[in-house]
Amino acid sequence: MPSSARPSNFLADIIAADLAAGRNGGRVVTRFPPEPNGFLHVGHAKSILLNFGLARAFGGKVHLRFDDTNPTTEEVEYVESIQADVRWLAGDWARLTYASDFFEDMYRCAERLVSEGKAYVDSQPQEVIREQRGSFDRPGTASPFRDRPAAESLDLFRRMRAGEFADGACVLRARIDMAHPNVIMRDPLLYRIRHAHHHRTGDRWCIYPMYDYAHPLEDAFEGVTHSICTLEFESNRELYDWVLDALGPWDPRPRQYEFARLALGYTVLSKRKLLQLVGEKRVSGWDDPRMPTLAGLRRRGVTPEALRDFADLIGVAKNNSLVDIGKLEFALRADLEGRAPRALAVLRPLPLELTNWPAGRVEELTLPWWPGEPERGGSRPVPFGRDLLIEREDFAEEPPPGWRRLAPGREVRLAGAYRVRCDEVVRGPGGEPVALRGTVDLASLGPDAEKRGGGTVHWVHAGRSLPAEVRLYDRLFAVEQPDAEADFLQALNPGSLQRAPGARMEPALAAAAPGSRYQFLRLGYFFADPVDSRPGSPAWNRTITLKDTWARPAAPPGLRREPRARPAPPAGPASAGRSQADLLATDPAVSAYLQEAVAAGAAEPSASRWLVNELLGLARGTPLPALPLSGAGFGRFVSLVDAGKVTSAGAKTLLADLVAGGGEPAARLAALGLARVDDRAAVAAAVARALAAQGPQVERYRAGEKKLLGVLLGAAMRETGGTADAAVVRQALLEQLG
RNA sequence: UGAGGCGUCGUCUAACGGCAGGACCGCGGACUUUGGAUCCGCCGAUGAAGGUUCGAAUCCUUCCGCCUCAACCA
């Protein structure tokens, strides 16, 4: 059951690369860092499974860490429920920690920052600080306390800790840059005063660290290597790194990575909205089976395995995406299919009297719990008799085309039992059918029975079946994106909980243990509620219906999302050549570099072409002057290419080498063996070698898959090391392929 | 509009300059004592334009669209 395959996503790639490079001494430590101020939901499940999965897949460790840096919102109850939920979902962690475990260490680090002039105590009120932060397009302004002596700040900071100031009187701020383009870096707050009782440290502290300061330190203190969080923390990463760089060195030095949090259709996942649903009693509590909380899902009957399969199904990436809730439902059905024994229950009974069955005679049929897989073993007695109950929905007076259930004069199979025919409809005062009369075909049961097509219907014995509490749950919201509504509460699905007061169960179900799961034939998967079940009388929660390919009301238009409208292409063709020229002209560093290259003898057009199309990509954001390859060196490289000393393929390899390690172009060219080869015989030999190694592909190409030419050409090019001209290689290749 | 991030079948996600792959959904078929399951098949995508390259989803440029950031929350 452990997800055997190594997860495949960009984070796994990063970790694999780190391991391959020997970083962090081969350690992998991740962490799941909830704040104990709410219940975990399916979005957290994605994160938990990611962090636990990655650590396990790479032989690492995962920590469960409570990020308890804000005593005013956090409570012990939540640390209990969170631990229970995590354990239920993912099992045990290697270490349980609390941010508050590190308060003393964090404080010492803060004193160090102050002493080194990297932090100061600001004695301004909150509103002023906020105002001074500026805005996206307006730089901030410095606090008048920004340059107060370190000794004074240190004294003040110590007195903050000592409790000499009231809440809000002053804060500790990092001294970074009030004009920083990233607003988060404009002298962020590190500590604030909170005279509040902390659930773990009690009244020992009255100053508490802010997330941006505390989090990187927690990671570093714990030896976390890969600190994985969601996309909205991307801007915070710069501060994360600042804190660690200011207080290092660290081994391992934690790195923060971000992935897209889960958004799921037909539900809400924000803490605030979930709290509101509970607070306003729109649901029965955090563990209401309609809630996306882990507690709710668990009580709905969802299994950890289904959640794991779901997580594998949706993957991990940086795209903001809205996951179709159908994927959760798919994972759920797939899991339950293999673990839920089959039983008989009728939700809305319609009596059926079999007139040719002796009154009072009851036959105890022996039905396997696993009809399709008798080898799994197990069965139970199910009473059959003259008076039965079938599902109201399984009878139609005027059956539509394709109807495979009961109708006047029609015959169906009673699941696990005999075939019956409907002879007569008994009507109520309004003419509506209230009961059916029919006949049973006694020869229709058993291995020798004639096989006839038609439908199968579920049933129970009228007198021997038992009533039971049944809750039919459906999606909590009626629209796919409640968050997009003006008032998400208006989008609540009024039918998300329905009861089936007349429901009847086969007798064996009375013994079902709370927490057990059954498939009620043709109805869905049901979970015996651990809270409301009574001995001998389980209460049933419908986890999920069976997939139904019949009753679907032909794709109601509201449920289908309109295809994304494609904007019309812009009218005027923007001259790309022109914009690239702009780039060369407007960026002084780039144009200076280019000038140097030209001064070193490179032809201007090819120099700018190589610069724009290749060098910029290779540089990966590093400013040109910082490259090991000087402008002049680049110019000599371009001259080499223009002189035909190296093919364009070889030139790319050469350039990459120069950008990575510097050196003199001509010398590196020789050292790498990239000099252009014009010997046709040598090329032909290389092509032959390449083809010999590509046997299957060659076969497929000859069999008609001409698109494989690219693959073969690529292999041939690689064989020559890029020293031969592509046109020559291509020609040789074509000749040899015939 | 400052900074950062993201655009691949209806949905989610692969492809790391060389065969646009998989899954969900949908559709069709086989089988069926569950209109379930199972099996088989089909449908269907690189936001746009230009450039570099023998070859571009991938590299470069511009444009378009979406998301995040201006709590003494995390």
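The sequence lines fix the lettering, A, B, ..., with proteins before strands; numbering per chain opens at 1.
- Taking the P atom of each, U68(B) and C60(B) are spaced 26 Å apart, rounded to whole Å.
- Listed by first residue number, the stems of RNA chain B with at least three Watson-Crick or G-U pairs below 3.5 Å are B:2-7 with B:64-69, B:10-13 with B:21-24, B:26-30 with B:38-42, B:47-51 with B:59-63.
- Judged by distance alone, with hydrogens and angles left aside, N319(A) brings no side-chain donor or acceptor close enough to the base of G7(B) to form a pair under 3.5 Å.
- Of the P atoms belonging to A57(B) and G21(B), the separation is 13 Å, rounded to the nearest Å.
- In this structure, R308(A) does not pair ionically with D335(A), as no charged nitrogen and carboxylate oxygen lie closer than 4.0 Å.
- For the P atom pair drawn from G44(B) and G10(B), the interatomic distance equals 10 Å after rounding to whole Å.
- Listed by chain and residue number, K318(A) satisfy the side chain to side chain donor-acceptor pair (under 3.5 Å) test with E234(A) (two or more places apart in sequence, or in another chain).
- Side-chain N/O atoms of Y266(A) and E480(A) include no donor and acceptor closer than 3.5 Å.
- Put simply, CD on E232(A) is 16 Å from C1' on C66(B), counting in whole angstrom units.
- Each of R404(A) and V171(A) was matched to the nucleotide of RNA chain B holding its nearest heavy atom; the match closer to the 5' end belongs to R404(A).
- Expressed to the nearest 0.5 Å, how far CZ of F233(A) lies from OH of Y240(A) amounts to 12.0 Å.
- The side chain of D324(A) has U11(B) as its nearest neighbour among G35(B), C54(B), U11(B).
- Distance check on atom C1': A45(B) versus U11(B) gives 12 Å, rounded to whole Å.
- Comparing the same atom, P, in G22(B) and in C43(B) gives a spacing of 12 Å after rounding to whole Å.
- Judged by closest nucleotide on RNA chain B, N182(A) is the one of V316(A) and N182(A) placed further toward the 5' end.
- Between the side chains of E411(A) and S444(A), no donor-acceptor pair is found at a separation under 3.5 Å.
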Polar atom pairs (N or O), protein with nucleotides 40-43 of chain B, under 3.5 Å:
none

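- In terms of phosphate contacts, R237(A) brings no side-chain nitrogen or oxygen within less than 4.0 Å of OP1 or OP2 of G4(B).
- On the P atoms, C24(B) is 24 Å away from U32(B), given to the nearest whole Å.
- S321(A) has a side-chain polar atom (N or O) that falls below the 4.0 Å cut-off from OP1 or OP2 of U13(B).
- The side chain of R522(A) contributes no N or O atom lying less than 4.0 Å from OP1 or OP2 of U32(B).
- Base orientation at A15(B) is anti, since its O4'-C1' glycosidic dihedral falls outside 90° of 0.
- Per the stacking criterion (ring centres < 5.5 Å, plane angle < 30°), F136(A) stacks onto the base of C69(B).
- Other residues, nucleotides and ligands contribute only 12 or fewer heavy atoms inside 6.0 Å of the CZ atom of R261(A).
- In terms of phosphate contacts, R609(A) brings no side-chain nitrogen or oxygen within less than 4.0 Å of OP1 or OP2 of C59(B).
- If you take atom C1' in A70(B) and the same atom in C16(B), they sit 36 Å apart, rounded to whole Å.
- One P atom belongs to C66(B), the other to G29(B), and the distance between them is 42 Å to the nearest Å.
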